[in-house]
Amino acid sequence: MKTTLLALFLSIALFGCRGKLEKTYSPRDMAASETFDEIPKSKGNILKLVKIDSNRADRQDHFEIQFRDTTISVQDTKNAAVSVFKGPRFINSQKTGIIAEVVDSSALSPRFYLISLKGNVVDVASLNKPSSRKQNPKYDKGIVDITRTNFVVNNDFIVNSVNGKVYSIKRKNPEERIPGELLMYSRDRTTLVFLTKDALYQVNYYTGESETLPLSAKALANIDGIRGEVAQNYSWATNKNGTPFLKYNGDPDRIVDIKEFQK
């Protein structure tokens, strides 16, 4: 009996000495469009969020992400390994895909990774495209919600959190993040409109088509009322491919339904 108890205590002590299990992953680049909708083979094959105590200067809860009993750490070529995240969001109902922002006060812009399961194996993809443009808090907002189930990440990706689909948003200039604020989207939610310095940059994330629509001096003189200006003088029209884009009406007296333009 004494031998059995001694063996049990030794096993507990050895397990305690092992400390927390952690595995570090190198993130891959995200493809133009991907689906993260893995169906787990058992109840235990899901990702878990574990809230941790921290110095929450950002006034947000911080989390670790775990698969089974192992904490997931991420390390890319430019940054140290990280295992603490904020604002995590599951992107499917199966809880096999999570988008989370790195807790890093020194980062020039919000940094995100998509951690998912593929064949019950952890996969990590980066949502951080290099950009030559300097950080601008007005535009580098991280996650911007469009609807309850759709959101944009750093003006570079759009995510559907119902079916786990992620699309890359075509940049106006491939070398820099879209320098604009998301203003509105088309009725079918496939064309996004960004308000840039002097134009509306429109991009359909589904087809990859894009158009730049210069703004009139009148519109630029009233940026705070730009939605009303667009509602009065622009309307949605489809091109030969059936893709919706805003067009200038040229008729200030035209009556439109402003609901079509509400974000």
Side-chain angles (χ1 to χ4, degrees), residues 15 18-54 58 60-104 107 109-130 142-169 189-190 205-206 208:
F15 182 78
R18 289 172 60 192
K20 182 176 66 176
L21 293 176
E22 185 172 299
K23 186 172 181 180
T24 301
Y25 295 85
S26 297
R28 62 178 176 83
D29 292 333
M30 182 73 70
S33 64
E34 293 192 47
T35 300
F36 299 86
D37 207 17
E38 178 90 1
I39 299 177
K41 294 181 179 179
S42 67
K43 292 182 178 179
N45 287 338
I46 62 173
L47 296 172
K48 295 183 294 184
L49 295 175
V50 179
K51 188 183 293 187
I52 61 173
D53 291 326
S54 60
D58 55 10
Q60 294 190 42
D61 291 331
H62 294 172
F63 296 83
E64 289 180 339
I65 299 173
Q66 293 183 352
F67 178 51
R68 296 174 181 159
D69 60 350
T70 302
T71 297
I72 296 169
S73 174
V74 182
Q75 182 173 22
D76 56 33
T77 56
K78 296 182 179 180
N79 300 282
V82 293
S83 59
V84 181
F85 301 89
K86 60 182 178 180
R89 299 191 183 198
F90 283 104
I91 61 169
N92 58 19
S93 58
Q94 292 83 8
K95 294 187 176 181
T96 56
I98 294 175
I99 285 180
E101 180 181 353
V102 172
V103 176
D104 183 2
S109 61
R111 186 155 50 99
F112 293 85
Y113 294 102
L114 197 160
I115 299 170
S116 65
L117 299 179
K118 289 184 176 292
N120 291 320
V121 175
V122 174
D123 176 79
V124 180
S126 175
L127 294 173
N128 309 294
K129 292 183 180 180
I143 288 180
V144 175
D145 289 297
I146 296 180
T147 67
R148 292 179 62 184
T149 58
N150 290 271
F151 56 90
V152 169
V153 182
N154 277 344
N155 283 5
D156 273 328
F157 296 93
I158 183 166
V159 182
N160 184 311
S161 60
V162 171
N163 54 23
K165 288 190 175 181
V166 181
Y167 294 90
S168 177
I169 301 172
R189 301 173 185 169
T190 62
Y205 64 83
Y206 193 76

Peer 1: To the nearest 0.5 angstrom, please state how far the CG atom of Asn92 sits from the CD1 atom of Ile46.
Peer 2: 10.5 Å
Peer 1: Tell me the closest heavy-atom pair linking Tyr167 and Ser33, and the distance in Å.
Peer 2: CD2-CB, 3.6 Å
Peer 1: Distance from Leu117 atom CG to Leu47 atom CG, nearest 0.5 Å?
Peer 2: 4.0 Å
Peer 1: To the closest 0.5 Å, what do you measure between CD (Glu101) and CZ (Phe85)?
Peer 2: 10.5 Å
Peer 1: Between OH of Tyr113 and CD1 of Ile98, what distance do you get to the nearest 0.5 Å?
Peer 2: 15.5 Å
Peer 1: Short question: side chain of Asp156, backbone of Leu127 - any donor-acceptor pair under 3.5 Å?
Peer 2: no
Peer 1: Donor-acceptor pair, Ser161 side chain versus Thr149 backbone, under 3.5 Å?
Peer 2: yes
Peer 1: For atom NZ of Lys23, decide whether the heavy atoms of other residues, nucleotides or ligands shown that lie under 6.0 angstrom number more than 12.
Peer 2: no
Peer 1: Looking at every heavy atom in both Pro110 and Asn154, which two are closest together, and how far apart are they?
Peer 2: O-ND2, 2.9 Å
Peer 1: Could you pull out the closest heavy-atom pair between Phe67 and Gly44, with the gap in Å?
Peer 2: CE1-O, 4.4 Å
Peer 1: Looking at side-chain heavy atoms only, is the closest gap between Glu34 and Leu114 below 4.5 Å?
Peer 2: no
Peer 1: Tell me the closest heavy-atom pair linking Ser73 and Ala81, and the distance in Å.
Peer 2: OG-CB, 3.5 Å
Peer 1: How long is the span from the NZ atom in Lys129 to the CG atom in Asn155, to the nearest 0.5 Å?
Peer 2: 11.0 Å
Peer 1: Picking from Gln94, Glu38, Arg68, what satisfies side-chain hydrogen bond (donor to acceptor under 3.5 Å, both in side chains) with Asn45?
Peer 2: Arg68
Peer 1: Is a side-chain N or O of Asp69 found less than 3.5 angstrom from the main chain of Leu21, in a donor-acceptor match?
Peer 2: no
Peer 1: So Glu22 and Ser83, do their side chains get closer than 4.5 Å, heavy atoms only?
Peer 2: yes
Peer 1: Between the main-chain N or O of Arg189 and the side-chain N or O of Tyr205, is there a donor-acceptor pair closer than 3.5 Å?
Peer 2: yes
Peer 1: For the residue pair Val153 and Val159, establish whether any side-chain heavy-atom pair is separated by less than 4.5 Å.
Peer 2: yes
Peer 1: Taking C-beta and beyond as the side chain, do Phe151 and Ile158 meet within less than 4.5 Å on heavy atoms?
Peer 2: no
Peer 1: What is the distance from atom CD1 of Ile72 to atom CD1 of Ile115, rounded to the nearest 0.5 Å?
Peer 2: 5.0 Å
Peer 1: Between Asn128 and Ser126, do the side chains contain a donor N or O and an acceptor N or O under 3.5 Å apart?
Peer 2: yes
